[in-house]
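Protein chains get the first letters and strands the later ones, always in sequence-line order, with residue 1 at the start of each.
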2 protein chains.
Amino acid sequence: MWGLSLQVSLQALKAFESAARQGSFKLAAEELSLTPTAISHHISNLESRLNVNLFHRLGRRISLTGTGIRLAKATSDGFRKIDSALEEVMKAGSSVRVTTTSSFAAMVLIPSQHEFEQANPDISMEISTGESVDSQSYIIPIRFGDVSVAEDADVIKSESFNVFGTYGMAPPSWSNEPITLFTTEWKNQSLPAPPLAAWLEKNGLDGSNIKLKKFDQELFGIQQAMAENGLVFCSTTLSKRLLKSNLLQQFETRSVKSDLCYYVPNKHSFETRSAIRFLNWIEYMLNQ
Amino acid sequence: MWGLSLQVSLQALKAFESAARQGSFKLAAEELSLTPTAISHHISNLESRLNVNLFHRLGRRISLTGTGIRLAKATSDGFRKIDSALEEVMKAGSSVRVTTTSSFAAMVLIPSQHEFEQANPDISMEISTGESVDSQSYIIPIRFGDVSVAEDADVIKSESFNVFGTYGMAPPSWSNEPITLFTTEWKNQSLPAPPLAAWLEKNGLDGSNIKLKKFDQELFGIQQAMAENGLVFCSTTLSKRLLKSNLLQQFETRSVKSDLCYYVPNKHSFETRSAIRFLNWIEYMLNQ
DNA sequence: AGTTTAGATGATTTAAACTCATCTACAAGT
DNA sequence: ACTTGTAGATGAGTTTAAATCATCTAAACT
């Protein structure tokens, strides 16, 4: 296999391809960032190795010979094929494309996007949410779901829940006055609900004076709590950054584990350097 | 166009393609006549330029990554395409394939085949006759036909006719005894007949004592004349070599021009070096 | 006719590609 | 478990292919 083509240089073929496509050595030279001399050498080398004239030289004007046309067609097709694959691969190597829930995107991914790109200047990060073309190659989906559904190896963060309030607000008196608590009821019925009952029990509360207001995304509950100086029962992952930046605070309550987790389906199948770096980074960040 | 692939070397891609196809750097090295070191360098260079791992390294065993598989597919396809075109072109450059009538082949082409290959050691000559795949690219047809049908530029030899006999035979006495003359009646009715009448007139003969025996190919008439020590009325082109080698002789008769010629349809369209050399050679040989 | 432009050609320089020597890690045989 | 052999990685050194520079030619356009 590949017996004959070993005798000709691929760079010469590339030079020929470009010159053939553009009908000019000069333009080919520009395209390939070379001098016209290099193109001329390449092509005459090619012609003598193949024992064929590829161009008619009519003084300073050139045109393809019949053989030249044939060869140009094949080389153009061949290089185009290689090139587009290369393009795809390079893009995959220099960027990560992540898709996830709007809550996770808004509260975790987007705020730390800059930090990631700072730490990995050669990788650009694209974030998308919603029903995007999910299983398209090279897009990393970060799903929120039932730990029992996800493969163990795919889990990047097991969720705990707790109650948070806006920074500076007085700790609520859990037993006396009526309390409004924002929480989440997933649109997707098959997801385990937020473990509010377990949390109440763990913290020795009966919850009779708590009035729940439910949103279908945690994000909204958190925003509402911040807007109204209220309380929200949400996952520690989403609240973490707001706690750090003193926009939310935590009280003397203890968090409870849930059956929910963030996971990346077939995590191990992402093999590009950028994907691996991203996955390592986000797993470390979430669990640190 | 071709923006991205400029950053990677085609030789590295070739090394990758081979290693991917064979699953081994060592085998790739053998295929490309390189050292395994060169392959290793090429591939790691490629990987770092693309920012992707193309092979899993499990100790001394390697296997393609998902990205590697994709790229290998495209590069293999691309190179295969280029390679087969190259193969075709090289073959066209190093050989001429000629198809012609059996008479011309037997009397002119085949006898001088060796001489041509001697003079052009890098070109091999293939001769075929009959209803071969005529207009296939790169095959040169030498046709025998009406000068008024052929393009002027395509004609390589205008035919003259004369009478020849075997070497050493006594000159025939044209006017007295009955004479047997071999001549040709083409199967193809649209071809101009051999100009026997014109020849008789030019040589001041009336032909009343001449008995014609007709074959449908000149070749047969010539052979028959030689076998029977007889006379043949045939084209000067076909008899030339036999005259030179003293197998036939010519008498005091004068040759006449005919409306027949040998020509190569679209002669100018044959552009490979081998074809051009062949055409120059045969035209020179026929007209010298 | 003079000027400009595209390409050819040959000598020289530069940089990419290849090899050599050395090292590591696995696999197979004892 | 301890050799031995094999495949590949790595870094330094060498070679050769590929690019440039300088010069020249021929056509095209003022």
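- Shown here is Arg61(A), whose CZ atom has no more than 12 heavy atoms of other residues, nucleotides or ligands within 6.0 Å.
- Using a 4.0 Å heavy-atom criterion, one finds that Ile62(B) contacts the sugar-phosphate atoms exclusively.
- Nucleic acid contact for Arg57(B): sugar-phosphate only, since backbone atoms but no base atoms lie under 4.0 Å from a heavy atom of the residue.
- Aromatic ring centres of Phe25(A) and Phe55(A) lie closer together than 6.0 Å.
- One finds a salt bridge joining Asp77(B) and Arg80(B) here, because a Lys/Arg side-chain nitrogen approaches an Asp/Glu carboxylate oxygen to under 4.0 Å.
- For Lys26(B), taking side-chain heavy atoms from C-beta onward, the closest of the listed nucleotides dT19(C), dA7(D), dA19(D) is dA7(D).
- Between dC18(C), dT20(D), dA9(D), one nucleotide has an atom nearer to the side chain of Thr35(A) than all others, and that is dT20(D).
- Checking side-chain atoms of Thr100(B) against main-chain N and O of Ala105(B) turns up no donor-acceptor pair under 3.5 Å.
- Atom CD of Glu31(A) is separated from atom C1' of dA19(D) by 17 Å (rounded to the nearest Å).
- Using modelled atom types and a 3.5 Å distance limit, the side chains of Ser235(B) and Glu159(B) yield a donor-acceptor pair.
- When the nearest nucleotides of DNA chain D are assigned to Ile39(B) and Ala38(A) by heavy-atom distance, the more 5′-ward of the two goes with Ile39(B).
- Within residues 40-48 of chain A, the residues having any heavy atom under 4.0 Å from DNA chain C are, by residue number, Ser40(A), His41(A).
- Judged by distance alone, the side chain of Asp154(A) and the main-chain N or O of Asn266(A) form a donor-acceptor pair under 3.5 Å.
- A close approach under 4.0 Å does not occur between any side-chain nitrogen or oxygen of Ser9(B) and OP1 or OP2 of dA16(C).
- One atom, CZ of Arg61(A), and another, C1' of dC29(D), lie 12 Å apart when rounded to the nearest Å.
- No side-chain N or O of Ser124(B) forms a donor-acceptor pair with one of Glu117(B) less than 3.5 Å apart.
- Spacing between atom CD of Glu30(A) and atom C1' of dT5(C) amounts to 13 Å, rounded to whole angstrom units.
- Projected onto DNA chain D by closest heavy-atom contact, Leu58(A) and Pro36(A) fall at different nucleotides, the more 5' of which corresponds to Pro36(A).
- If you measure from atom NE2 of His56(A) to atom C1' of dA6(C), you get 18 Å, rounded to the nearest angstrom.
- Judged by distance alone, with hydrogens and angles left aside, the side-chain atoms of Ser112(A) form a donor-acceptor pair with the main-chain N or O of Val108(A) at under 3.5 Å.
- Rounded to 10 degrees, the angle between the two end axes of the helix from dA1(C)-dT30(D) to dT30(C)-dA1(D) is 30°, with five pairs used at each end.
- Aromatic rings from Phe144(A) and Phe104(A) are positioned such that their centres are separated by 6.0 Å or more.
- Proximity note for Gln11(B) (side chain, C-beta onward) versus dC21(D), dG8(D), dC18(C): the nearest is dC18(C).
- Per the geometry, CZ belonging to Phe25(B) stands 13 Å off C1' belonging to dT10(D), to the nearest Å.
- Here dA17(C) presents its P atom at 11 Å from CG of Leu10(A), a figure rounded to the nearest Å.
- For the pair Leu32(A) CG and dT20(D) P, the computed distance is 11 Å after rounding to whole Å.
- Residues Ser160(A) and Lys257(A) bring no donor and acceptor atom of their side chains to less than 3.5 Å of each other.
- Toward the 5' end of DNA chain C, the nearer of the two residues Arg49(B) and Leu27(A), judged by each one's closest nucleotide, is Leu27(A).
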